[in-house]
Number of protein chains: 2
Amino acid sequence: MAYSIPTRQSTADIIFAQLRKEIMSLDLLPGTKLSEAEVAAKFGVSRQPVREALNLLSSESLVEIQPQKATRVGRFSMRRIEAARFARRAIEIEVLKNASENWSDVYAPSFARCLDAQRRAVAEQDTHSFQTLDEEFHALMADVAKAPFAFQQIKSHKSYIDRICALSLKDAAEMAVLVRDHEALLTHLAAQDATGAEAALRIHLSRIEKTIAAVHHANAEYFND
Amino acid sequence: MAYSIPTRQSTADIIFAQLRKEIMSLDLLPGTKLSEAEVAAKFGVSRQPVREALNLLSSESLVEIQPQKATRVGRFSMRRIEAARFARRAIEIEVLKNASENWSDVYAPSFARCLDAQRRAVAEQDTHSFQTLDEEFHALMADVAKAPFAFQQIKSHKSYIDRICALSLKDAAEMAVLVRDHEALLTHLAAQDATGAEAALRIHLSRIEKTIAAVHHANAEYFND
DNA sequence: GCAGGCAATCTTGTATGGTAGTATGGTATT
DNA sequence: AATACCATACTACCATACAAGATTGCCTGC
């Protein structure tokens with residue numbers, strides 16, 4: 001059996017991961033200049049690995065490379081947001097359909113544990129834990145659907161939205177609503193009611209709209225359109 | 001208004017596009033070694049732009065970079081195929097739902113023209129034209145759904161599958177079946193019958209399965225799993 | 001005073017040299 | 001004879017140097 005994984009990280013990989021982290025967490029705000037030379041100096045390496053990292057980040061739209069001019073932290077695009085939400089919704093609906101068909105009560109305890117933990121996180125207003133548990137919940141659904149890869153796809157679309165929402169603090173009331181959404185989803189799932197689950201999911205995923213609109217209004221300078 | 005697009009292509013962009021084309025068309029077979037130096041010599045440029053192109057291709061899984069060892073044209077992965085098909089199906093189903101709601105007869109002529117052209121392509125066994133017209137048909141549906149971006153997403157997943165199918169010649173009979181699928185889809189769409197359209201789409205997208213299985217069986221050396 | 005152009009200085013893009021990791025084939029040792 | 005070890009040749013990776021496009025501001029000419 002392959003024990004694998006030592007997978008030596010290259011310098012470019014490290015820069016990529018670090019920059020990505022700082023961009024996603026908004027330590028680096030959209031529009032910030034990221035010249036190759038500056039970043040290279042900051043990390044104490046040459047421009048080449050930095051350049052490679054920026055190229056990869058560019059393919060995720062996390063940085064905008066203006067040829068011969070400048071490289072900046074990527075601004076948000078409403079069109080792209082819409083596209084990401086559309087894809088995420090589509091994929092997760094398909095997940096729910098499969099999950100409904102494949103449902104078995106052996107999955108129930110995992111969901112129960114996850115929901116319990118979510119309720120605790122809400123009570124303690126631990127937004128970071130909640131974020132993790134929310135992802136776990138959606139990952140569980142993908143497992144039930146026998147499509148674990150789908151969660152990776154969902155996550156890649158979700159991450160683009162998450163960066164925006166990092167501009168807005170979540171309060172306990174909002175989180176409580178989301179937990180109730182999760183409970184409803186689980187109920188439909190356990191009843192193998194795909195139609196009901198789909199409707200519940202559409203509501204669940206639409207709650208983010210007002211947050212996005214608020215952020216867009218309050219931080220227009222971080223947006224392209 | 002910006003006439004845009006002159007967007008000067010960098011050397012790296014050219015190498016990227018050219019390699020991508022050759023890989024997608026199977027002029028470069030999966031597993032073929034692609035050392036930076038060789039490719040650079042072939043194109044008469046230095047290794048750096050080649051390296052950047054290969055990095056980007058790697059992020060699309062079109063090449064596999066084995067650190068310090070070798071870079072090869074990417075082999076197929078059944079897991080990845082499954083994931084791509086899943087996402088494409090999910091997105092296109094969501095497209096159909098929206099398209100059903102937004103349907104108006106003003107779209108009918110465009111579809112009619114496209115289908116006519118498809119029938120001609122089948123009659124003339126012009127597989128290349130058919131491929132283009134097939135994409136146009138699916139793009140039209142995304143337009144009706146008022147989600148043109150969705151076609152881009154569909155295309156990115158579809159392209160991974162297309163490379164595999166390039167290993168198998170399409171005959172006229174298969175194409176004729178696909179045209180009939182398109183006709184059925186259009187009928188359901190025009191009737192604003194989302195459920196029927198979804199069922200028709202699932203059938204349409206499942207036809208590729210036997211092609212993939214055949215290719216997998218006949219060309220196991222091009223696969224990872 | 002104003003406009004056009006030129007030069008300095010940013011930026012990213014490309015080329016080349018050198019380094020370190022990996023595999024392979026030969027050799028010596030058990 | 002089989003195995004462990006070492007030298008060599010290959011690779012991707014990183015650093016440095018150079019080139020070229022883009023912007024800014026000054027400076028000259030009108």
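Fair warning: this is a prediction, and the values are worked out from it, not measured in the lab. Proteins get letters first, then strands, A, B, ... in listed order; numbering begins at 1 in each.
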- Query: Base, sugar-phosphate, or nothing: which does B/Leu34 touch, judged by heavy atoms less than 4.0 Å apart?
  - Reply: sugar-phosphate

- Message: Would you say B/Thr71 places a side-chain N or O within less than 4.0 Å of OP1 or OP2 belonging to D/dA12?
- Response: yes

- Grab the CZ-P distance between B/Arg72 and D/dT11 for me, whole Å please. 11 Å

- Task: Please tell me which of the listed nucleotides, D/dC14, D/dT11, C/dT14, lies nearest to the side chain of B/Ser35?
- Result: D/dT11

- Message: Going by ring-ring contact (aromatic ring centres under 6.0 Å, His included), name the residues that satisfy it together with B/Phe16, two or more places apart in sequence or in a different chain.
- Response: none

Can you tabulate the close N/O pairs, meaning under 3.5 Å, that link protein atoms to atoms of nucleotides 24-26 of chain C?
none

- Item | Any residue meeting ring-ring contact (aromatic ring centres under 6.0 Å, His included) with B/Phe223, in chain and number order, not counting sequence neighbours | B/Phe76, B/His216

- Whole-Å distance, A/Phe43 CZ to D/dC14 P, equals 14 Å

- Query: Do the side chains of A/Asn98 and A/Lys146 get nearer than 4.5 Å, heavy atoms only?
  - Reply: no

- Pairwise side-chain contact, A/Gln118 with A/Met175, heavy-atom cut-off 4.5 Å (strictly under): no

- Note on the structure: Residues passing the ring-ring contact (aromatic ring centres under 6.0 Å, His included) test with A/Tyr222, sequence neighbours excluded, are none

- Would one find a side-chain N or O of B/Ser46 under 4.0 angstrom from OP1 or OP2 of C/dA15? yes

- Task: Quickly work out the A/Gln48 CD to C/dT19 C1' distance and round it to whole Å.
- Result: 15 Å

- Message: Could you work out, with side chain to side chain contact (heavy atoms under 4.5 Å, CB included) as the rule, every residue matching B/Lys33, not counting sequence neighbours?
- Response: B/Arg72

- Starting from P on C/dA15, measure out to CZ on B/Arg51 and report it in whole angstrom. 15 Å

- Item | Separation of C/dT12 P from A/Glu64 CD (nearest whole Å) | 13 Å

- Rounded to the nearest 0.5 Å, what's the gap from CZ on A/Arg85 to OG on A/Ser206? Could you check? 7.0 Å

Listed pairs, N/O of protein and of nucleotides 19-24 of chain D, under 3.5 Å:
from: D/dG21; atom 1: N2; to: A/Gln68; atom 2: O; distance (Å): 3.4

- Message: Quick test of your reading of the model: are B/Glu52 and A/Arg51 salt-bridged, counting only N-O distances below 4.0 Å?
- Response: yes

- Within less than 4.0 Å of OP1 or OP2 of C/dT14, is there a side-chain N or O belonging to B/Thr11? yes

- Heavy-atom check, side chain of A/Phe111 versus side chain of A/Met141, under 4.5 Å: yes

- Write down the distance between NZ (B/Lys33) and C1' (D/dA12), rounded to a whole number of angstrom. 14 Å

- Query: What's the CG-P distance between A/Asp13 and C/dG21, to the nearest Å?
  - Reply: 15 Å

- Rounded interatomic separation in angstrom, taking CD from B/Glu36 and C1' from C/dT14: 14 Å

